[in-house]
Chemist: 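Have a look at this one before I ask anything.
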Amino acid sequence: MLQRKKHSYRVILAILSVLLLAAVACSAALGRYPISLREIFGILGEKLFGTEPFWTATQKSLLLQHRLPRILLACLVGCCLSAAGASYQGVFQNPMAAPDILGASSGAALGAALAILLGLGSTLTVVFAFAASLLTVFVVIFVGNRVKGKRVVGLILTGIMVSSLVSSGTSFIKLIADPQDQLPAITYWLMGSLNGTQPEDVKFAVIPMLIGLIPLLLLRWRLNILTFGDEEAKTMGINAKRLRTVVIICSTLVTAASVSVSGMIGWIGLVIPHLARRLVGNNYKALMPATMLMGALFLLIVDDISRTLFTTEIPIGILTSLIGAPFFIYLISRDGEQL
Amino acid sequence: MSMIVENLSFSYGTADVLKSVSFRAEYGEFLSVLGPNGVGKSTLFRCMLGILMPSQGHTLIDDRDISEMTAAELSKNIAYIPQSHNPVFNYSVLDIVLMGTTAQLGKFSSPGKEQRRQAIEVLECLNIADLQNRGYRSISGGERQLVLIARAMAQQAKILIMDEPSSSLDFGNRIRVMDTIKGLTEQGYCVIQSTHDPDQAYQYSDKILAMYGGAVLAWGKPEETVCDTVISKLYGVDVEVCSLRNDRIRVCIPAKNKIIKE
């Protein structure tokens, strides 16, 4: 079984890339207002080839201002959360690790809730969520490194504790928020949604995402060695502490950027890396790119469902849990390689 | 060409774990460290591998102090072979061996054709090339131990530090693994193992370091170290050392058997 994986992972990556491109094109055509594939390519080709417009102005602005930013963001967020999940699993030598393990999500939630309470508007909500998310993780790392005993366990436990502390803050804000408009806004944000994505959201998120994703891709081979623990890694010539710090910072950056624009989208960071492990094996050389592509593909498809299935949109966080949890149970109870 | 440990001391807080340990290992030698649990064997190894900083003394490899070497440099001189463990993720055997080549690579690169060739060569040298595509978690304990030895060899280090390489293995695998390790010393590797088995240490070692209470109790040739007084003191029980086959083999037995015989 492993032999097949070894030789075919490049093929799998190629197939995933093609699928992702096809899904992007189809998603752009999907929606209540009709835009055909031909019109999509026409609009995209307008600047490059000077195609004569055979589409309406509404179609063009809908595509460029709404659908494409949202599609792009779905792909980026899916990619980032999955990559962060896979990285944390390696760094913490723990297959149960997910992107929110160090409190990035609960921090973002507090920041967003605070911004909504203060009535700061959507742009500042994103900024607040991003800043609070990073701040929470830095507190966790700062405190966790002072915990006696094993550093990895210390970090995870500190993550759980600080998350719970921060969540109590979020709950308090919900308590005092105006139940007419603020409370629903906070609740809706917490469910996670890509509804109302602005091109500005993409611009805001894409830089920290790339700053995080590129090192994760480049360092992916060395991530394998971290899964054997610090001492063994060191005897193999790796500065484990430094490498782990870099990987944690990058994973945190992409997680914070993702949750600050999309809200809480659960499960994807746990399920997708495991699905990718089944497909290409545990070697991060193949696992990391496969995880990134599958995460993008998965979240794009789920977002398509969330915006087209019913007339009112279902928050994507609900759907990822609805699909993710049963799927994960199927995955771990199926025959084959054990967890 | 040698590894020299000089007056190595280490303490956790106020507790002295190592007290001025000194010995010397040449390339091509097999050295066993004997001693009861908690005597500081692992701490000694950790200091020699640069994981722990000794409070006093130093370790020299070819006359260079290891504290002056970078992690990558050190890993090309000395490799650690843990007890066959159960890692969280199931890697293929070839992937595990390839991980040994990481220190040769640039920070952002993965092993290429050259590293793959080295890894397969090492696996063939240990007669386990047919395992290369198996999952590490699905092979036996003895095979895992050999794979970890292969990883250390792929690291191109000439000094191999082994933590009780035979302790968790069955009788047949124990002999197979120990014979393989002995074969490595004939190829010029320097092997330093910790063990709980004085008989085995006698049979395979060129030198034995007996540690008691964090200090060296005896150091030298097996004939001098595996004897009634040292082994009895070491483990706190009366032991009689019997000699077999022209002293090629020595067997330690509890001394009360002597009483029964008489």
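In what follows, every chain begins at residue 1, and chains take the letters A, B, ... in the order their sequences are listed.
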Chemist: Using a heavy-atom cutoff of under 4.5 Å, enumerate the residues of residues 65-79 of chain B that contact chain A, numbered in order, or state 'none'.
Modeler: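 Hits under 4.5 Å: Ala71(B), Ala72(B), Ser75(B), Ile78(B).
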Chemist: Pull out the residues in residues 97-106 of chain A that come under 4.5 Å of chain B, heavy atom to heavy atom, sorted by number.
Modeler: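 Residues of residues 97-106 of chain A touching chain B at under 4.5 Å: none.
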Chemist: Atom CG in Leu123(B), atom CD in Gln118(B): separation rounded to 0.5 Å?
Modeler: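 Taking CG in Leu123(B) and CD in Gln118(B), the distance rounds to 12.0 Å.
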Chemist: Mind checking the CG-CD1 spacing from Asp62(B) to Ile4(B)? Nearest 0.5 Å is all I need.
Modeler: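 One finds 9.0 Å between CG of Asp62(B) and CD1 of Ile4(B).
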Chemist: Does a sphere of radius 6.0 Å around CD in Gln56(B) hold more than 12 heavy atoms from other residues, nucleotides or ligands, not counting ones at 6.0 Å or beyond?
Modeler: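 Not buried by this count: 12 neighbours or fewer within 6.0 Å.
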Chemist: Pick from Tyr80(B), Phe108(B), Phe89(B): which one has the most heavy-atom pairs with chain A under 4.5 Å?
Modeler: Phe89(B)
Chemist: Using only atom types and a distance under 3.5 Å, with no angle test, would you say the side chain of Tyr88(A) pairs donor to acceptor with the backbone of Gly269(A)?
Modeler: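 Flag not set: sc Tyr88(A) to bb Gly269(A) has no pair under 3.5 Å.
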Chemist: Does atom CG (Leu21(A)) have a neighbourhood of more than 12 heavy atoms from anything else shown, all under 6.0 Å?
Modeler: yes
Chemist: Within the distance-only criterion (no hydrogens, no angle test), does the side chain of Lys234(A) pair as donor or acceptor with the backbone N or O of Ile51(B) below 3.5 angstrom?
Modeler: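 No, because the side chain of Lys234(A) does not come within donor-acceptor range (under 3.5 Å) of the backbone of Ile51(B).
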Chemist: Check whether Glu232(A) reaches the backbone of Gly229(A) with its side chain - one donor and one acceptor, N or O, closer than 3.5 Å.
Modeler: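 No: the side chain of Glu232(A) does not pair with the backbone of Gly229(A).
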Chemist: How many angstroms lie between atom CG of Leu13(A) and atom CE of Met292(A), to the nearest 0.5 angstrom?
Modeler: 11.5 Å
Chemist: Donor-acceptor pair, distance only, cut-off 3.5 Å: does the side chain of Arg151(B) make one with the backbone of Val147(B)?
Modeler: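 No, Arg151(B) side chain to Val147(B) backbone: no donor-acceptor pair under 3.5 Å.
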Chemist: Name, in order of residue number, those residues of residues 43-50 of chain B that have a heavy atom at a distance of less than 4.5 Å from a heavy atom in chain A; otherwise write 'none'.
Modeler: Arg46(B), Leu49(B), Gly50(B)
Chemist: Counting only N and O atoms by type, is there a donor-acceptor contact under 3.5 Å from the side chain of Gln193(B) to the main-chain atoms of Ser166(B)?
Modeler: no
Chemist: Are the side chain of Ser164(A) and the backbone N or O of Ile160(A) linked by a donor-acceptor pair below 3.5 Å?
Modeler: no
Chemist: Is it true that Asp95(B) and Lys285(A) have a side-chain N and a carboxylate O under 4.0 angstrom from each other?
Modeler: no
Chemist: Would you call the rings of Phe327(A) and Tyr330(A) parallel, tilted or perpendicular if under 30° counts as parallel and over 60° as perpendicular?
Modeler: tilted
Chemist: Given 3.5 Å as the limit, does a donor-acceptor pair link the side chain of Thr59(B) with the main chain of Val5(B), or not?
Modeler: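 Between the backbone of Val5(B) and the side chain of Thr59(B) there is no qualifying donor-acceptor contact (under 3.5 Å).
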Chemist: Please report the shortest heavy-atom distance between Val88(B) and Arg137(B), naming the atom on each side.
Modeler: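 For Val88(B) and Arg137(B), the tightest heavy-atom pair comes out as O-NH1, 3.3 Å.
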Chemist: Does Arg117(B) pair with Glu121(B) as a salt bridge, N-O distance under 4.0 Å?
Modeler: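 Yes, Arg117(B) and Glu121(B) are salt-bridged.
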Chemist: Just checking heavy atoms, which of residues 213-226 of chain A are less than 4.5 Å from chain B?
Modeler: Leu218(A), Leu219(A), Trp221(A), Arg222(A), Asn224(A), Ile225(A)
Chemist: Given the options Ser110(B), Gly100(B), Ser109(B), which has more heavy-atom pairs under 4.5 Å with chain A than any of the others?
Modeler: Ser110(B)
Chemist: Does Arg242(A) offer a backbone N or O that forms a donor-acceptor pair with the side chain of Asn239(A) under 3.5 Å?
Modeler: yes
